Structures are given as structure tokens and as C-alpha cells.
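Structure record follows, encoded as C-alpha cells.
A quick note: this is a predicted structure, and the numbers were derived from the prediction, not measured.
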Amino acid sequence: MLDKAKTLLASMTSGDVKSLARALTIVENDLAGADDILKSLHLHQTPVIGVTGPPGAGKSTLLNSLIGHLTEKGKRIAILAVDPTSPFSFGSLLGDRIRMKDQFNHPNVFIRSLATRGALGGLSSKTIEMTDVLKAAHFDFIFVETVGVGQSEVEIAGLADLTMVVLVPESGDEIQHIKSGLMEIADIFIVNKSDRPDAQLFTIGLQKLIREKHQQIKVFNTVADKGIGVKELAGEILLFKPQGGLKRIELLTQKAWQLIQHYQMRAIQKNKLQQKITEAYHPHFNIYQFIETFMRSL
């Protein structure tokens, strides 16, 4: 099995898109050989750029335009679009792909959707693993777009070298109510749909809030569907280099923490857990005592 994994990775790293897609499918679905693929990865220092923000901010439209500028410079781009999970098929709803239709057939662009699978915040261990597979495939930039709800806006910082938070002037958040977590994780704020009324006031308020919190976060104004301001943002990304030192260690620690949690949970099957609870249940059932006993039995 290890030889098959190495053969698949060799084809993938030589530029074979089908092999890359196959490796991602094996890893995403925990098929036979997934562990061999992950342990055989030779990772490159490819910048991982997180794109997050509230639903409706235009993240996918912005990415569509941004990628156009980057490919004009000859860059190879991979996009992992973390979509909401379908309640029927438990697969990705693929909504983001529709808004990136201009890039589908570009030879230097690879787009893959990934269902959240119920992960809190929208990021799962599969997001980490699939990003690492992409890092072994000689891309210049990897973009991870989150669903932008719950904790995903904060969790993406544990995966990305650079985090872009996309906002809109009428997002429903008053400037003073922008989550403190966003101020902590954002490297770049993008005020999209900046042709809307009060966009300038929104931007001024955001910049004032950044200064008050003594942060050094750049703010870009864009109108993604018209391509306005996107060239300047692309220029910023082209200049970006992943940090080493403490930042790199912090990112690796966060990734390891999430992966260890995932691997520990592999031994726990929900149907068997339900069976054990059914057997142990009584009117004064104490879930904490049950968990302690259950964990000892693993």
C-alpha cells in the first residue's frame, strides 16, 4: 500500500491533476492508503491564504477576480472551498464553485470543494490534511475559503499563513461590534462592495478601530464583481512570504492539536456510543461519570 501511495504522489507532484484529485479523495474519505499518503508527503512552504467573513460578503466573487490577476503573472493556484454540508447527501453544496466559474478551465487553477461534515466552525481535520496534500503539489498559492459562520472565522488562523477577512458596508455589524476575534486573526481586511452607500464611512470606522486596538492590519476596498481594487490586493499577495520562527511553530502546534483530537476520536463510533448510553441509562444518569468509564474502556 505504501508503494501505491508513493506512486500516486509521484504522479501528483509531476503535475498530473487526476492523481492529485485521487489523492484528495482518498484522504477526504479515509480510504485505504490515506495514512500512507499523508505520511509520505513532502511539503513545500507554499503560502496558505485563508479567506473568511460573513455569508454574502462576496468571498467567492472576490477570489474569482483575484485569481485572474495571479494567473496573469503565471502563478499556479489551488483553492479549497469549504462549503456547508448538505443535510441529505452530507456532501458539499458546491455553491462557491458556481461563483468561480471563470477559473474552472484555466490550466493553472485547481478548485476543490470540501464539506464541513458538521465540524464546529466549519473547519475539520480534513481541511488540514487536504491542504497539506495541496502543499505537496507545487502550487504557488493555496486559498482556503471558509463558510464564514461561527468559529470558522477564528479557526482559519490556525491553518493559514495569511488571513483575509472580507466585510461589506451593510454586513449588519456595526464597526464597534466587529468580533474581537476577527481583529486578532485578520492580516488583511477587505471591504468589498465598496460602491455601496456609506462604504467610505465604514472603512474609516474600521481603520479607526484598528488604530485603537494598536493593530497593524491593512484595509483594501474592492468591488469584486467589477474588478475594482482587486489588482492592488493581488499585488499585496504577490509580495507575501510565509513567516518562520514562532509564527510557524504556533501554526504547526494548532494543526497538530486538531489532528490529534481527530485521530483520538477515530476509535469512537457514534452508533456504539449510543448503544452504550442506552445500556447505561437510568433516571439519574450522570453523563460525566459515564464518559469517564467509557474512556477507560477504550
Practice task
Would you name the heavy atoms of P197 and P169 that are closest together and state the gap between them?
Solution key: O-CB, 4.3 Å

Completion exercise
Minimal heavy-atom distance between L63 and F143, with the atoms involved, is CD2-CD2, 3.5 Å

Practice task
Please round to the nearest 0.5 Å and tell me the distance separating atom CG of D140 and atom CG of L70.
Solution key: 9.0 Å

Practice task
Step through the shown structure and confirm whether more than 12 heavy atoms of other residues, nucleotides or ligands are within 6.0 Å of CD on Q200.
Solution key: no

Practice task
Compare all side-chain heavy atoms of F141 with those of I67 and state whether any distance is below 4.5 angstrom.
Solution key: no

Practice task
Check whether more than 12 heavy atoms from other residues, nucleotides or ligands sit under 6.0 Å from atom CD of Q216, and answer yes or no.
Solution key: no

Exercise for the section: Flag yes if I260 and I268 sit in one hydrophobic cluster, no otherwise; membership is Ile, Leu, Val, Met, Phe, Trp, Tyr, and two members link when side-chain heavy atoms are under 4.5 Å apart. Expected result: no

Practice task
For side-chain contact (heavy atoms from CB on, under 4.5 Å), just list the numbers for I188 and V165, CA-CA rounded to whole Å, side-chain angles, deciding distance to a tenth of an Å, and then say yes or no.
Solution key: CA-CA 6 Å; I188 294 175; V165 178; over 6 Å; no

Practice task
Flag the pair H262 / E129 as yes when at least one side-chain heavy-atom distance between them is below 4.5 Å, and no otherwise.
Solution key: yes

Problem - OG1-CG distance between T127 and L159, expressed to the nearest 0.5 angstrom - result: 7.0 Å

Practice task
Evaluate whether atom CD of E279 has more than 12 neighbouring non-hydrogen atoms of other residues, nucleotides or ligands under 6.0 angstrom away.
Solution key: yes

Fill in the blank from the handout: The reported gap from OG1 in T253 to CD1 in I249 (rounded to nearest 0.5 angstrom) is 6.5 Å

Problem - Rounded distance (nearest 0.5 Å) linking atom CE of M130 with atom CG of L80 - result: 5.5 Å

Practice task
Classify the ring geometry between H42 and H44 as parallel (under 30°), tilted (30 to 60°) or perpendicular (over 60°).
Solution key: perpendicular

Exercise for the section: Could you check D225 against K193 for side-chain contact (heavy atoms from CB on, under 4.5 Å), going step by step and ending with a plain yes or no? Expected result: CA-CA 8 Å; D225 59 352; K193 305 181 182 180; over 6 Å; no

Practice task
Taking atom types as modelled, find out whether T71 and N108 have a side-chain donor-acceptor pair closer than 3.5 angstrom.
Solution key: no

Exercise for the section: Establish whether I228 and V166 are linked, either directly or via other cluster members, by ILVMFWY side-chain heavy-atom contacts under 4.5 Å. Expected result: no

Practice task
Tell me, yes or no, whether the heavy-atom count around I287 atom CD1, taken from other residues, nucleotides or ligands under 6.0 Å, exceeds 12.
Solution key: no

Practice task
Could you tell me whether the side chain of L62 reaches within less than 4.5 Å of the side chain of L233, counting heavy atoms only?
Solution key: yes

Fill in the blank from the handout: When R112, R22, K126 are each screened for salt bridge (Lys or Arg N to Asp or Glu O under 4.0 Å) with E28, the one that passes is R112

Handout entry: Considering all heavy atoms, the nearest D36-A5 contact
Key = CB-CB, 3.7 Å

Handout entry: V223 reachable from V168 in the ILVMFWY side-chain graph, under 4.5 Å edges
Key = no

Exercise for the section: Look at atom NE2 of H284 and say whether more than 12 heavy atoms of other residues, nucleotides or ligands are closer to it than 6.0 Å. Expected result: no

Practice task
Could you walk me through whether F189 and K218 pass side-chain contact (heavy atoms from CB on, under 4.5 Å), step by step?
Solution key: CA-CA 6 Å; F189 274 120; K218 294 189 176 181; over 6 Å; no

Problem - Spatial distance of atom NZ (K59) from atom CG (N64) [nearest 0.5 Å] - result: 14.5 Å

Exercise for the section: Grab the two heavy atoms, one from S19 and one from M12, that are nearest each other, plus how far apart they are. Expected result: CB-N, 3.7 Å

Exercise for the section: Run the salt-bridge test on D132 and K255 with the 4.0 Å N-O cut-off and return the result as yes or no. Expected result: yes

Problem - Which atom of T46 lies closest to which atom of F139, heavy atoms considered - result: CG2-O, 3.2 Å

Handout entry: Plane angle bin for F294 and F290 - parallel if under 30°, tilted between 30 and 60°, otherwise perpendicular
Key = parallel

Handout entry: Student check: side-chain heavy atoms of I79 and F110 closer than 4.5 Å
Key = no

Problem - Exam field: side chain D187 to backbone T163, donor-acceptor pair closer than 3.5 Å - result: yes

Practice task
Using modelled atom types only, decide if a donor and an acceptor are shared between the side chain of D198 and the backbone of L201 within a distance under 3.5 Å.
Solution key: no

Exercise for the section: Kindly determine whether I190 and L167 satisfy side-chain contact (heavy atoms from CB on, under 4.5 Å), including the steps that lead there. Expected result: CA-CA 6 Å; I190 300 163; L167 302 171; over 6 Å; no

Practice task
Return yes if some donor-acceptor pair links the side-chain N/O of S65 with the main-chain N/O of T61 below 3.5 Å, else return no.
Solution key: no

Handout entry: Donor-acceptor pair, side chain of S40 and main chain of I37, under 3.5 angstrom
Key = no

Practice task
Say whether R266 and S125, considering side chains only, have a donor N or O and an acceptor N or O under 3.5 Å apart.
Solution key: no

Exercise for the section: Answer yes or no: is there a donor N or O on one side and an acceptor on the other, between the side chain of K135 and the main chain of P47, under 3.5 Å? Expected result: no

Exercise for the section: Indicate if L252 and I49 have the same hydrophobic cluster label, given that clusters are the connected sets of ILVMFWY residues with side-chain heavy-atom separations under 4.5 angstrom. Expected result: no

Practice task
Compute whether any side-chain donor of one residue and acceptor of the other, for N221 and T203, lie under 3.5 angstrom apart.
Solution key: yes

Practice task
Say whether Q254 and E250, considering side chains only, have a donor N or O and an acceptor N or O under 3.5 Å apart.
Solution key: no

Handout entry: Interatomic distance, L9 atom CG to L38 atom CG [nearest 0.5 angstrom]
Key = 9.0 Å

Exercise for the section: Decide yes or no on side-chain hydrogen bond (donor to acceptor under 3.5 Å, both in side chains) for S11 and D16, but give the supporting numbers first. Expected result: CA-CA 6 Å; S11 298; D16 182 35; 5.0 Å; no

Exercise for the section: Return yes if some donor-acceptor pair links the side-chain N/O of R76 with the main-chain N/O of H138 below 3.5 Å, else return no. Expected result: yes

Exercise for the section: Indicate if L31 and L8 have the same hydrophobic cluster label, given that clusters are the connected sets of ILVMFWY residues with side-chain heavy-atom separations under 4.5 angstrom. Expected result: yes

Problem - More than 12 heavy atoms of other groups within 6.0 Å of F285 CZ - result: yes

Fill in the blank from the handout: Heavy atoms of A234 and H69 approach each other most closely as CB-CB, 3.7 Å

Exercise for the section: Return yes if some donor-acceptor pair links the side-chain N/O of N192 with the main-chain N/O of A224 below 3.5 Å, else return no. Expected result: yes

